[in-house]
Amino acid sequence: MLLNIDDRFILIIKQIKLNLAMNFPIYLDNNATTPCDPRVVDTMIPYFTQNFGNAASRNHSFGWVAEEAVDYAREQIAKLIGADPKEIIFTSGATEADNLAIKGVYEMYAAKGNHIITTTIEHKAVLDTCKHLEKQGAEVTYLEVDDKGMINLQDLEKAITPKTILVAIMYANNEIGTINPMKEISAIARKHGVLVMTDAVQAVGKIPVDVNKDGIDLLAFTAHKMYGPKGVGALYVRRKNPRVKVTAQIDGGGHERGMRSGTLNIPGIVGFGKACEICYNEMAADTARIIKLRDKLENGLLQIEESYLNGHPTNRLPHVANISFKHVEGEGLLMGINKHIALSSGSACTSASLEPSYVLKALGLGDDLAHSSLRFGLSRFSTEEEVDFTIKAVTDTVHKLREMSPLWEMYKEGIDLNSIEWAAH
Ligand code: PLP
């Protein structure tokens with residue numbers, strides 16, 4: 001359809017208005033980190049200035065005010081995961097909480113055994129900790145996943161031995177969003193008297209998580225993935241049925257019931273508490289809205305020829321869509337859009353690596369598809385205008401890159417790319 005000059009002018013004005021209404025660049029990398037909710041920031045500010053006390057100072061009101069703030073935050077945080085406030089141990093983030101849980105259990109339960117079960121698609125905070133323990137004599141089983149990122153529960157049960165002390169399986173994956181069946185996993189582990197630890201960084205605040213209903217003994221989470229500040233996280237450690245203990249990994253002063261020493265980050269903890277309270281009150285409404293946006297984005301992008309959704313189609317976090325665009329280099333695609341849209345091709349912790357994502361490879365993707373994937377992560381601040389803009393920008397860039405790609409040309413001409421013998425380098 002040809003538009004007349006007036007119509008084109010109106011369209012251009014509409015586009016300019018839309019662009020002015022949006023904040024560029026659009027942020028769609030919310031699995032790497034989320035913006036701090038302004039309500040969280042407002043709650044934190046007094047704890048940098050007038051309420052700057054050390055919660056361990058017992059002799060004056062500055063210390064008492066800080067301690068009171070920590071107690072209140074501990075309640076807000078515990079409530080979000082159905083825990084008792086005494087079961088929350090503050091850390092510097094989830095990497096530390098993962099380390100404390102896994103190394104702490106390994107050392108505390110050494111007399112029982114040295115075997116840990118985890119999966120091949122855990123975050124590096126878990127995988128590298130397990131690798132470290134293997135050097136110390138631990139035996140680690142890495143369970144494989146299917147093409148949607150799910151473990152096989154029978155494999156889990158078969159892997160348990162009398163020496164197994166811990167099952168460490170993430171609640172939901174950070175690259176593809178697939179959610180694990182935690183209730184079933186913990187039922188199997190409990191039947192064999194094995195503790196269950198979960199890295200729930202991407203799940204807490206996004207979907208309902210309840211340590212008692214889910215049968216979890218240790219749970220790592222972090223404020224900056226749920227609209228709170230960076231540099232503060234927590235490890236939930238069960239106190240009843242069974243009472244779980246971990247050996248401290250940071251000594252000095254005996255803070256946090258002897259499990260994690262060091263002066264508490266009061267503004268961070270206050271912000272973490274507020275972030276949890278907001279998630280507790282608003283998660284249902286946020287999720288309903290975000291799912292609609294995510295589905296719109298996903299459906300729009302999957303209209304692109306030869307594009308594929310990675311991970312579980314339904315059993316997935318509401319804000320995540322990981323999509324491969326065949327015969328398009330993920331890095332090239334990112335460079336084509338990163339002036340306007342902040343996205344990533346996988347975990348922020350491995351984004352410096354040129355290797356294809358080990359998570360996507362574990363699902364069975366070849367190097368080409370794994371290299372051509374982008375992770376879209378929405379948030380409570382994402383808007384429909386941003387989604388519309390992203391669909392158009394990604395579609396245009398994929399088409400442009402494919403026009404320049406000899407592989408795409410061969411593919412369109414029906415040449416079987418697998419039949420070509422590539423020169424060896
Ligand atoms: N675990 C998962 C699943 C994550 O996505 C991340 C962050 O990327 C972490 C652990 C590390 O959390 P933190 O940045 O708080 O150390």
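All ligand and atom numbering here is 1-based and tracks the order in the structure.
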Judged by modelled atom types alone, do Asp29 and Ser344 share a side-chain donor-acceptor pair under 3.5 Å?
yes

Please work out whether any backbone atom (N, CA, C, O) or any side-chain heavy atom from C-beta onward of Asn174 is under 4.0 Å from ligand 1, and answer side chain, backbone, both or neither.
side chain

May I ask you to check whether Val201 has an N/O atom sitting below 3.5 Å from an N/O atom of ligand 1?
no

Would you check whether Lys124 reaches within less than 4.0 Å of ligand 1, judged by its heavy atoms?
no

Regarding Glu329 and Ser372, do their side chains bring together a donor and an acceptor under 3.5 Å, going by distance alone?
no

Six-ring centre of Tyr227, Lys274 cation under 6.0 angstrom, axis tolerance 45°
no

How about Gln202 and His123: does a side-chain donor come under 3.5 Å of a side-chain acceptor?
no

Less than 3.5 Å apart, any donor N or O on the side chain of Asp214 or Tyr171 sitting next to an acceptor on the other?
yes

Would you tell me whether Glu306 and Tyr308 have side-chain atoms, one donor and one acceptor, within less than 3.5 Å of each other?
yes

Do any nitrogen or oxygen atoms of Glu96 come within less than 3.5 Å of a nitrogen or oxygen of ligand 1?
no

I need the contact type for Gln202 against ligand 1. Using non-hydrogen atoms and a strict under-4.0 Å cut-off, is it side chain, backbone, both or neither?
side chain

Would you please determine whether Lys225 falls within less than 4.0 Å of ligand 1 on a heavy-atom basis?
yes

Around Gln154, counting heavy atoms of other residues, nucleotides and ligands shown, do more than 12 lie under 6.0 Å from its CD?
no

What atoms in ligand 1 come closer than 4.0 Å to a heavy atom of His224?
13 (P), 14 (O), 15 (O)

Proximal atoms of ligand 1 relative to Thr95 (non-hydrogen, under 4.0 Å):
11 (C), 12 (O), 13 (P), 16 (O)

Using a 4.0 Å cutoff against the non-hydrogen atoms of Thr222, which atoms of ligand 1 qualify?
15 (O)

Ligand 1 to Gly93, heavy atom cutoff 4.0 Å, flagged ligand atoms 15 (O)

